[in-house]
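Report on the following structure.
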Amino acid sequence: MNENRTRRRRTARRRLAVATGAVATVLLAGTGIATADQPEPAPTRAQAAAEAGAPEDAPALENAGSGLKPLGGLEVKVVEPYEPVDIGEDWQMGLLPTGKQNYVVSPAESYAANVEAAKGYVGSDIRPDSISVGVYSESGEVQIIDGAWRLDETPREITVSFGGNVDYTAQIVRLPGKPGWGAYYLDLRGQELPNTFTVIAKDADGEVFDTMDVEPWPAG
């Protein structure tokens with residue numbers, strides 16, 4: 001762990017649009033590619049049945065609850081470049097080997113086209129030891145949270161907290177080897193959660209290396 005690392009807490013305020021028949025997308029600190037006004041995904045429960053295990057380089061975490069509250073430690077997914085990772089049944093994530101922390105979150109039906117488009121993008125281009133946050137919101141409720149992470153070692157875990165009462169563990173994804181970056185996602189469709197939350201990222205030693213508070217844009 002970098003002993004000179006200091007814990008950062010940032011607050012990102014963005015207007016989370018209310019969509020009718022569409023998913024509104026808000027990007028915080030940059031993500032690979034995401035498009036508003038995509039066809040509405042079928043509401044599904046998040047992948048509560050995902051296997052709980054130990055992220056690499058970290059001991060297993062106790063599963064302190066059922067479903068998504070919380071799942072405990074999720075095993076890191078190591079994927080090949082451009083390989084689609086299913087988010088529920090109808091959305092996918094993919095990591096690109098080009099650019100800077102460049103990844104795609106897209107409806108499955110347009111995944112291939114969005115990957116091709118992302119090849120021409122720079123990517124998230126975030127600071128070392130930090131994360132980005134992307135939000136897909138519908139009617140004021142969070143649907144999917146995603147983002148990039150940049151760290152020498154794979155994070156132990158990335159969690160999302162809603163008011164400190166309900167915590168969810170995001171799925172971490174990275175490319176083979178030691179790329180020094182990756183992405184994460186959390187499918188919350190069907191959970192009826194507000195669009196104010198905190199994302200907390202911990203390194204392999206369990207130390208917080210970045211925190212981001214996400215809040216709606218103030219009215220007015």
Side-chain angles (χ1 to χ4, degrees), residues 1 5-12 14 16 26-29 31 45-78 85 87-88 91 93 101 103 105 124 126-127 129-137 141-174 181-216:
M1 184 183 74
R5 179 183 300 148
T6 58
R7 176 173 175 174
R8 292 190 297 268
R9 189 179 191 95
R10 296 173 287 147
T11 299
R14 298 292 187 273
L16 300 184
V26 176
L27 302 182
L28 311 180
T31 55
R45 285 284 173 183
Q47 292 176 283
E51 292 184 2
E56 60 183 25
D57 302 326
L61 300 178
E62 180 181 358
N63 185 355
S66 60
L68 287 171
K69 298 189 283 188
L71 285 175
L74 293 178
E75 184 177 354
V76 174
K77 287 187 177 181
V78 180
V85 178
I87 302 177
W91 281 66
M93 167 181 279
Q101 301 90 53
Y103 74 97
V105 173
S124 302
I126 58 178
R127 299 175 300 179
D129 300 347
S130 71
I131 59 174
S132 66
V133 182
V135 183
Y136 298 78
S137 178
E141 295 179 359
V142 171
Q143 303 293 301
I144 298 173
I145 297 172
D146 67 83
W149 55 266
R150 184 178 176 187
L151 193 68
D152 290 340
E153 69 271 32
T154 302
R156 171 176 176 147
E157 66 177 2
I158 297 176
T159 57
V160 180
S161 177
F162 290 83
N165 296 319
V166 181
D167 295 332
Y168 296 83
T169 303
Q171 175 66 61
I172 296 174
V173 184
R174 70 166 175 82
W181 76 278
Y184 66 92
Y185 67 84
L186 181 60
D187 184 355
L188 294 169
R189 287 173 289 178
Q191 298 299 311
E192 298 182 357
L193 293 168
N195 54 27
T196 299
F197 56 89
T198 300
V199 182
I200 304 167
K202 296 181 180 180
D203 64 19
D205 296 323
E207 297 290 333
V208 174
F209 69 88
D210 200 10
T211 301
M212 180 175 284
D213 297 319
V214 180
E215 301 175 359

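At a threshold of 4.5 Å between non-hydrogen side-chain atoms, the residues Arg174 and Val78 count as touching. No side-chain heavy atom of Val76 sits under 4.5 Å from any side-chain heavy atom of Tyr184. Between Tyr103 and Val173 there is no side-chain heavy-atom pair separated by less than 4.5 Å. Residues Ile158 and Val199 form a side-chain contact, since some pair of their non-hydrogen atoms from C-beta on lies under 4.5 Å apart. Considering only heavy atoms from C-beta on, Ile144 comes within 4.5 Å of Arg189 through its side chain. Residues Tyr136 and Ile87 are not in side-chain contact: their nearest non-hydrogen atoms beyond the backbone lie 4.5 Å or more apart.
Minimum heavy-atom separation, Ala148 to Gln101: CB-CB, 4.2 Å. The two residues Asp167 and Ser161 make their nearest non-hydrogen contact at OD1-OG, 2.9 Å. Among all heavy-atom pairs drawn from Arg156 and Gly206, the shortest one is CD-CA, 3.9 Å. Counting all heavy atoms, side chain and backbone alike, Tyr168 lies closest to Gln191 at OH-OE1, 3.7 Å.
The CG atom of Leu193 sits 11.0 Å away from atom OG1 of Thr196, with the distance rounded to the nearest 0.5 Å. Note that OG1 of Thr198 and CD of Glu215 are 8.0 Å apart. Values are rounded to the nearest 0.5 Å. From Leu186, atom CG reaches atom CD1 of Ile172 across 11.5 Å, with rounding to the nearest 0.5 Å. Separating the CE atom in Met212 from the OG atom in Ser130 is a distance of 8.0 Å, to the nearest 0.5 Å. Atom-to-atom distance recorded for Ile131:CD1 and Asp210:CG is 5.0 Å, nearest 0.5 angstrom. Interatomic distance, Glu192 CD to Glu141 CD, rounded to the nearest 0.5 Å: 5.5 Å.
Outside the 6.0 Å centre-distance limit, the rings of Trp91 and Tyr185 are not counted as a close aromatic pair.
Judged purely by atom type and a 3.5 angstrom limit, Asp205 has no side-chain atom pairing as donor or acceptor with the backbone of Glu207. Formation of a donor-acceptor pair under 3.5 Å by the Trp181 side chain with backbone atoms of Trp149 is not found in this model. A donor-acceptor contact shorter than 3.5 Å is absent between the side chain of Gln143 and the backbone of Gly190.
Of the listed residues (Val160, Val105, Asp187), just one forms a side chain to side chain contact (heavy atoms under 4.5 Å, CB included) with Ile145, and that residue is Val160.
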